[in-house]
Number of protein chains: 2
Amino acid sequence: MQVTLKELARRLNISPSTVSRALHDHPKIASTTKAAVLKLARELDFQPNPLALNLRMQRSKNIGVIVPKISYPFYASAISGIESVAIREGYNIIICQSEESYEREVANTKSLTTSRVDGVIVSLAGQTKDYGHFKDILQKKIPLIFFNRECEALDTPKVVIDNVEAAQKAVSTLIQSGCERIAILAGPQAIHISNQRIEGYYKALSSYDKQARHDLIFHCDYSEDSAYQNTLDMLKKSEIPDAIFAVSDRLAIAAIRALKAKGLNIPNDISVMGFNNDPVTTIVEPQLATVDQTPYLMGQKAAELFFYKLEKPDAPSQKVVMPVQIIKRASLRVLQKSPTN
Amino acid sequence: MQVTLKELARRLNISPSTVSRALHDHPKIASTTKAAVLKLARELDFQPNPLALNLRMQRSKNIGVIVPKISYPFYASAISGIESVAIREGYNIIICQSEESYEREVANTKSLTTSRVDGVIVSLAGQTKDYGHFKDILQKKIPLIFFNRECEALDTPKVVIDNVEAAQKAVSTLIQSGCERIAILAGPQAIHISNQRIEGYYKALSSYDKQARHDLIFHCDYSEDSAYQNTLDMLKKSEIPDAIFAVSDRLAIAAIRALKAKGLNIPNDISVMGFNNDPVTTIVEPQLATVDQTPYLMGQKAAELFFYKLEKPDAPSQKVVMPVQIIKRASLRVLQKSPTN
DNA sequence: TTGTAAGCGTTATCAA
DNA sequence: TTGATAACGCTTACAA
């Protein structure tokens, strides 16, 4: 059994309140009693009971975290980031996986609120289109933070990347390496993040005075099978693309598989660019160029936004936009500089 | 603000204890009052305050989980497994990463015990050789469960695979496909799990009346660089191996990289077998044969062992041994059946 | 069948 | 500078 504050008081023949004050070095406490308390506390290895503390303080010191899937490397890193700052502040995190399902996400928010978390950090499930469960959280005055996949309609702190700009950079990189017909392998039509990346794709093309071609835009359902199929479809065109920009590394790798199956050389026949900088990008052959999103830092930032909100509940909600970095790898063709230029 | 049990009592003009009993359908409660309580509780969406409950019951309903790294796919799956049964029992899990460091593992156990978890589920850090911090946990009567990487010296419930048998199966598979000179790419000398796999390697060889050759045993420090170097060393021999059994997929992939760099064909010149069934095994070329360990099921089982221990603290500790499965893939040569046999 | 009171371990308020 | 008391929200003897 752990030693309690009461027990310290009993042994020292003083009242629990005095012990409590000594432990928190309250201004009006005799230095002698304070010393005595601290000494005994150390001797007996006193640890305040967090359960009692939590009840008293009406908080749990837990942060709920809802992500689509912790086995996605992006989220594994983001969680580490969140955890690192939570631990530092004496908080624990409770991780829930929505598995991209709206129903599970709703269930997760319910379970987190009944377990009285002090805040919730979320990256939206792919299927979520209704935000009632998040409004409930806000209404209960529980700080709610989004990261990566956010809900634009809700006024909460959030940390995201500029998906438009990131995609624009990625596609510009392809253009600069000499690609002319760049296809985009996007997600489902309704996915915000995917649409933003399509927008960036358009922007890149137009900034180089290129005409966007609607027949080079492919929507898959985020499954590898469908990415594979869409890639095969691309290759049926009379003039096949000379580059593919996929909105995630997983999709890009499925595309690579399809390209290889058709005997195409990457990057000589076709360049490929992914998104996320997943560890597999260095395993696949050729190594996959991609967009790095610093998920660990995003997680840290999200946690920091939570603590800021906790401290200043009425401060306006910040939207933090993280920089991204293009990672050039062997899946990208190298521009042959023409000697005349 | 959430409605409390007291509030229900006040509104119904009965005592809190009666409300509490009604909610728990205590035998001696008038069915009318019970109905009334339940009705109001539903109307006001009463949720018992877990903080109060925890203090009263002297438990946190949290399970601490310490793993080397959640971004290892094996642990990501294992955690999902643990979580799935924890949630079902109304428990939350608090995840800590030791990052393979002994010091961090000690710090993790400290932080978990001061936050008063009801149990701890651990897979040992690579560097851990002293188990004092775990003895402290046991002494505090906190259930302690090991999974995957266990501590043999401690009498606790555990869920593991039979590493000797798994390695024996893996190496037998190589032998059956016609490999003669099988090298093993093992971890550091002190790692229990790695040594067990070496033992299985010996057993497989001797069961086929083959002589084990010490010059085919390579110890790397678990880093990819060192796996790469060790593989290059193998190739300096007068007679190079015709198969490599690596004790993890990560090491196997580093080996593949080295083999390719030296212009060797896999599996024609040399077969490769990994361990873990990491998702990258299907990305690397050729796809990597490996040993599947069902980490999700291991996690579930570990959590179940925890709840069993919680219920029956004095029951003898179970050791659950999970079956493994050899996954054959293209990195394995196919045996040319000689027509005379 | 129900109510009263004590207690889980802490802190905050008030009084001394 | 310290102590007594109440309170956080719940359960559980014990009493009625």
Side-chain angles (χ1 to χ4, degrees), chain A residues 1-41 44-62 90 113-118 140-142, chain B residues 1-41 44-62 90 113-118 140-142:
Chain A
M1 209 58 233
Q2 276 285 351
V3 41
T4 69
L5 183 148
K6 268 183 177 169
E7 172 68 12
L8 294 184
R10 201 186 55 72
R11 296 212 191 194
L12 292 167
N13 269 317
I14 56 180
S15 81
S17 25
T18 305
V19 176
S20 174
R21 284 187 277 246
L23 257 17
H24 291 83
D25 50 29
H26 185 96
K28 292 174 180 169
I29 198 86
S31 57
T32 54
T33 53
K34 184 174 145 189
V37 168
L38 257 40
K39 180 162 172 287
L40 188 64
L44 303 184
D45 190 30
F46 166 75
Q47 307 281 9
N49 184 324
L51 276 38
L53 228 42
N54 290 346
L55 175 60
R56 183 69 240 262
M57 298 310 191
Q58 300 279 60
R59 40 94 168 141
S60 63
K61 286 228 168 189
N62 284 153
T113 50
T114 62
S115 84
R116 300 286 213 283
V117 292
D118 296 345
K140 292 195 168 119
K141 302 282 177 207
I142 299 173
Chain B
M1 208 56 232
Q2 276 286 351
V3 40
T4 69
L5 182 146
K6 268 183 180 170
E7 173 68 11
L8 294 184
R10 203 187 54 72
R11 295 212 190 194
L12 292 166
N13 268 316
I14 57 180
S15 80
S17 32
T18 305
V19 175
S20 172
R21 285 187 276 245
L23 257 17
H24 293 82
D25 50 29
H26 185 96
K28 293 173 181 169
I29 199 90
S31 56
T32 54
T33 52
K34 184 174 143 188
V37 168
L38 257 40
K39 180 162 172 290
L40 188 66
L44 302 184
D45 189 30
F46 167 73
Q47 307 281 11
N49 183 323
L51 275 41
L53 227 43
N54 289 346
L55 175 58
R56 181 68 237 261
M57 298 309 192
Q58 299 277 62
R59 41 95 168 139
S60 62
K61 287 227 167 191
N62 285 154
T113 50
T114 62
S115 84
R116 299 288 213 282
V117 292
D118 296 345
K140 291 192 170 121
K141 301 282 177 206
I142 300 174

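Chain naming here is simple, since letters A, B, ... match the order of the sequence lines and numbering starts at 1 in each. Atoms considered below: every heavy atom in the structure, side chains included; atoms not considered: hydrogens, waters and symmetry mates.
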Visitor: C:dT10, C:dT2, C:dG7: which one has an atom nearest the side-chain heavy atoms of B:Arg56?
Guide: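 Closest nucleotide to the B:Arg56 side chain: C:dG7.
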Visitor: Please test B:Asp25 against B:Leu38 for side chain to side chain contact (heavy atoms under 4.5 Å, CB included), starting from the C-alpha separation and ending with a verdict.
Guide: CA-CA 10 Å; B:Asp25 50 29; B:Leu38 257 40; over 6 Å; no
Visitor: Rounded to whole Å, how long is the line connecting atom CD of B:Glu7 with atom P of D:dC8?
Guide: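 Value for this atom pair: 12 Å.
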Visitor: Reckon B:Ser15 has a side-chain N or O less than 4.0 Å from the OP1 or OP2 of C:dG3?
Guide: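 Answer is yes, contact under 4.0 Å.
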Visitor: Output the rounded distance in Å from CD (B:Gln2) to C1' (D:dC8).
Guide: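 In whole Å, D:dC8 C1' and B:Gln2 CD are 15 Å from each other.
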Visitor: Return the value, rounded to whole Å, for the distance between atom CE of B:Met57 and atom P of C:dG9.
Guide: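 Taking CE of B:Met57 and P of C:dG9, I get 14 Å after rounding.
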Visitor: In whole angstrom, what separates B:Arg116's CZ from C:dC8's P?
Guide: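 My rounded result for the distance is 14 Å.
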Visitor: In whole angstrom, what separates A:Lys28's NZ from D:dG3's C1'?
Guide: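 In whole Å, D:dG3 C1' lies 15 Å from A:Lys28 NZ.
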Visitor: Between B:Gln47 and B:Arg21, which residue's closest nucleotide on DNA chain D lies nearer the 5′ terminus?
Guide: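 Checking each residue's closest nucleotide, the 5'-ward one belongs to B:Gln47.
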Visitor: What's the CG-P distance between B:Asn54 and C:dG7, to the nearest Å?
Guide: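 Taking CG of B:Asn54 and P of C:dG7, I get 21 Å after rounding.
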Visitor: For A:Leu55, report the nucleic acid contact type (base, sugar-phosphate, nothing); a contact means any heavy atom under 4.0 Å.
Guide: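 The residue A:Leu55 makes base contact.
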Visitor: Say whether A:Ser20 and A:Ser17, considering side chains only, have a donor N or O and an acceptor N or O under 3.5 Å apart.
Guide: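 No donor-acceptor contact under 3.5 Å links the two side chains.
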Visitor: In whole angstrom, what separates B:Leu53's CG from C:dG7's C1'?
Guide: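 Answer to the nearest Å: 15 Å.
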Visitor: Closest nucleotide of DNA chain C for B:Ile29 versus for B:Gln58: which of these residues is on the 5' side?
Guide: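 Upstream on the strand: B:Ile29.
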Visitor: Any side-chain donor-acceptor pair under 3.5 Å between A:Asp118 and A:Ser60?
Guide: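 A donor-acceptor contact under 3.5 Å links the two side chains.
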Visitor: With distance as the sole criterion, do the side chain of A:Ser20 and the base of C:dA12 form a donor-acceptor contact below 3.5 Å?
Guide: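 Result: no qualifying N/O pair found.
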Visitor: Under 3.5 Å, is there an N or O donor on one side and an acceptor on the other linking the side chain of B:Ser17 and the base of C:dT4?
Guide: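 Indeed, a donor on one side and an acceptor on the other fall under 3.5 Å apart.
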Visitor: Consider the side chain of B:His24, meaning its heavy atoms from C-beta on, and name the nucleotide among C:dT10, D:dT1, D:dT11 that approaches it most closely.
Guide: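 So the side chain of B:His24 is nearest to D:dT11.
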Visitor: Can you work out whether B:Pro16 or A:Thr4 has the more 5'-proximal nearest nucleotide on DNA chain C?
Guide: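 Comparing both residues, the 5'-ward one is B:Pro16.
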Visitor: Nearest-Å distance, CG (B:Leu8) to P (D:dG9)?
Guide: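 Rounded to the whole Å, the gap is 12 Å.
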Visitor: Against B:Leu51, only a single residue in A:Arg59, A:Arg116, A:Met57 fulfils side-chain contact (heavy atoms from CB on, under 4.5 Å); can you say which?
Guide: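 Per the side-chain contact (heavy atoms from CB on, under 4.5 Å) rule, the option paired with B:Leu51 is A:Arg116, out of A:Arg59, A:Arg116, A:Met57.
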Visitor: Measure from the side-chain heavy atoms of B:Lys6 and tell me the nearest of C:dT10, C:dT2, D:dC8.
Guide: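 That would be D:dC8.
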Visitor: For a quick check of understanding: with a heavy-atom distance under 4.0 Å over all strands, which category does B:Leu51 fall into, base, sugar-phosphate or nothing?
Guide: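 No contact.
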Visitor: Rounded to the nearest 0.5 Å, what's the gap from CD on B:Glu7 to OG1 on B:Thr4? Could you check?
Guide: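 So the gap between those two atoms works out to 6.0 Å.
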